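Structure, as structure tokens:
Values in this document were obtained by computation on a predicted structure and should not be read as measured data. These values consider heavy atoms only, across backbone and side chains, with no hydrogens, waters or symmetry-generated copies.
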Amino acid sequence: MKIKLTLLFFIITLSTTTLSMVVRHDVDPDLYLANESEYPAVFPVRINGKRKECVATLIGPKWAITAGHCTVLVDLSNKEPYQVLINKKHYDVKSVHIHPEFGEVKGVRDENGKLIDIIMNPKNMSYDVALIELGKAVDDVKPIDLYTKKDEINKEILMLGWGDYANGKNGTVRDEAINDGQFRKAYNLIEGIDDNYLTFSFDYPNSANTHKLEGVNGPGDSGGPALIEKDNKTYIAGVSSRGYYLNEDADYVAEGKYGWVENYVRICTTISWLRKVMNQNAIRTLKKYAGDYMFEPAGVVINIYTKAKENDTKLYFRAFGEGESELIVTGEKNTFSFKTEEEIKVEFKNLENGVFKELNLIQPDETINAIRMETEDLTTIDKKLIKRGFSGVVLVTQNDKILFNKAYGRKNSKENGLNGINTVFDICSITKQFTGAGILKLSMQNKLSINDKLSKYFDTVPNDKKNITIHQLLTHSSGLTAGIGDDYDTITEEEFLKQVFKSKLISTAGEEFHYSNMGYSLLALIIEKTSGMDYETFLNITLFKPLKMKNTGYVIPDWKTNEVANGFLDGVEAKKPNEENWSKQGPYLNLKGNGGILTRASDLLLWSQSIIDSTVLDEESTSKYLYPHFEYNNGNAHYGYGWSIQNNNSEAKLVHHSGGSDLFSSDLWIYPEKGITVLVLSNTFDLYVLSIAKRISNFLLEKQTT
């Protein structure tokens, strides 16, 4: 399986038009279609295959906006096909949402029941707006953006219309109607803007027919969004027009009398309602897709999710170790796409109880099937671990009570080489949280500040790196690259610093998140320079000994030969980590401080409990330690000081970190507010290992809510 994901950026550029334009909703559809190539996002509405003299504007792949009175008299309960015609394709209408403050609208019909007029409450014309939800997405027309700016005054506006008269900004006078039903254009200027209206008025036509609207149409004309051209993009400025009489009181009179001001209701008055309706529908729609799906053969978890900060209205895809991609509707049923080097489709299948149970990831050279991860109890998870041949230890506790503690597989190929609950494993990058705690210990002792710069601790720091702070090293926001060599390379401090300082920054310090093992090795050196001790010795004295973590470290613990697990790669036994190319003080600087700590599950449980109880650090330092300092994964998570932080402001706050090498994998999940710890240690690297803590957490959290 090969999933190569990159974040997608879409820049929509629409064809330019005159400075501004208005498209009337009551354009004759046939006449409109003759001009549709100019305005593809504006289209006719049809009911039961018949013309309705209204048009709508596409504002999203499945959403259009029109005047409320263009839809309010449509009886959808009669199941008449209610359609729009977009780019010569018919689209069924799924739902119609009329602004709740629009007010009463009555239809006036002749003796044969034909609708000949509608009567509306003129006080509610600000809300003459409706949203049309289409049954499927439009994939060949770019939607027009909603628009809320107020700088259109004195800008020319193009009026597209169908009707009797036209005069435009130059005051052309017509004493008689011209070709009733003619499609035409007239230009005027926008004269006023406030929070309710975008307004424009017509030149005084020195004519007896001043009761006719001069500019676009005759009596009864209404509807239409104003499309404002700005920065080579077209935006909706209004949705319905309605004149009001300036000098007389009237309950209701026909629109268009001279002396009235033509008004286009600004979207700013209804934009919050529009977004609320669209968001609510999007949330309901997207919930059935969101969840975790497992591709069992590779042990890969595919996460489909929305974001609260985007009101849960966009769908995203991420697989372990890959970036984030927004899923884009393709037009095919329940199918989305994203693009890496090539187009990839995600097809959801098997809808049950309101959610999809599986998905197909369709790549150019293969299709993989992933199954939704259901909540499983500990017994079921245990059986699956045995079936898969998991090798390692799983320990689960809640409120100091052990719920599960079991070893699986082998630590080596010897006769007595089975893993036990006290087997010692390489925990890889979980080491970073010890480095972070060590820095905070020194801060508590007033021996350093997290705002200290590299130049305080190292000579010959180049200009591009001298202002990098300890805080930025802790949060992977320093701009440093991931690393400079193999974990087990022999390297002196002098050579390490030389290579670090000549390396090129990925980004300016403090601006972006880039995971850096190199940065944590620098922190290990800062601990040594500040404390006057070797890195491991300092951690042992200040962290491990006080917590009775006797089996945690690089070389200080007195492990027996058979206590430390060998790693396995594709079933082949490798060396123990502490039998690799280490110095007398443990690993060299490519690994020191960022990985390589050896420990067992029971020691890590002591560590977890000390964090929950704020005994390893004081409360103030613990708060800094577990604070979501820097955003990554596009806001889906944050990084603390050696921890990934999620759901920070909730009872389900999660602090966790995983670790992995070619031979080992580990995962530590802590829910501080709920007293839950889940530990997974393994002497193989299998992506499946990194799904175990999530499976167990899902069960424990769901159990608490039932």
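- Partners of Tyr688 according to the ring-ring contact (aromatic ring centres under 6.0 Å, His included) rule, which considers only residues two or more places apart in sequence or in another chain, do not exist here.
- Thr379 and Asp382 are not linked by any side-chain donor-acceptor pair at a separation below 3.5 angstrom, with hydrogens and angles left out of the test.
- For the residue pair Asn451/Thr469, the side-chain donor-acceptor check at 3.5 Å is not satisfied.
- A salt bridge links Asp292 and Lys694; the closest N-O separation between the charged side-chain nitrogens and carboxylate oxygens is under 4.0 Å.
- Ion pair Asp534/Lys592 flagged as a salt bridge, since at least one NZ, NE, NH1 or NH2 atom sits closer than 4.0 Å to an Asp/Glu carboxylate oxygen.
- Residue Asn412 forms a side-chain hydrogen bond (donor to acceptor under 3.5 Å, both in side chains) with just one option from Asn419, Asn562, Asn683, and that option is Asn562.
- Listed by chain and number, the residues in a ring-ring contact (aromatic ring centres under 6.0 Å, His included) with Tyr641 are His471, His629 (sequence neighbours excluded).
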Note to self: Apply ring-ring contact (aromatic ring centres under 6.0 Å, His included) to residues Trp582 and Tyr588 and explain how you reach the verdict.
What the structure shows: CA-CA 6 Å; Trp582 282 14; Tyr588 292 97; 9.4 Å; no
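- Relative ring orientation between Trp669 and His656 is described as tilted, the plane-to-plane angle lying within the 30° to 60° band.
- Neither side chain, Asn399 nor Lys674, offers a donor N or O lying under 3.5 Å from an acceptor on the other.
- Residues passing the ring-ring contact (aromatic ring centres under 6.0 Å, His included) test with Tyr305, sequence neighbours excluded: Tyr316.
- With 3.5 Å as the limit, one finds a donor-acceptor pair spanning the side chains of Lys576 and Asn566.
- Side chains of Thr435 and Tyr535: a donor-acceptor N/O pair is present below 3.5 angstrom, by distance only.
- Residues meeting the side-chain hydrogen bond (donor to acceptor under 3.5 Å, both in side chains) test with Lys441, sequence neighbours left out: none.
- Classification of Glu619 and Lys624 as a salt-bridged pair fails, no side-chain N sitting under 4.0 Å from a carboxylate O.
- No side-chain heavy atom of Ser531 sits less than 4.5 Å from a side-chain heavy atom of Gln445.
- For Glu573 and Lys414, the salt-bridge test fails: no basic side-chain N is under 4.0 Å from an acidic carboxylate O.
- Looking only at atom types and distance, the side chain of Ser644 has a donor-acceptor partner in the side chain of Tyr632 under 3.5 Å away.
- Residue pairs meeting the side chain to side chain donor-acceptor pair (under 3.5 Å) criterion with at least one member in residues 479-490, sequence neighbours excluded, are Thr490-Asn581.
- Residue Glu631 holds its CD atom at 11.0 Å from CZ of Phe513, rounded to the nearest 0.5 Å.
- A search for side-chain hydrogen bond (donor to acceptor under 3.5 Å, both in side chains) contacts involving Asn698 returns nothing, not counting sequence neighbours.
- Side-chain polar atoms of Lys432 and Tyr639 form no donor-acceptor pair below 3.5 angstrom.
- In this structure, CG in Asn551 is found 12.5 Å from CD1 in Ile556, a value given to the nearest 0.5 Å.
- Taking a cutoff of 4.0 Å between a charged side-chain nitrogen and a carboxylate oxygen, Arg388 and Asp686 qualify as a salt bridge.
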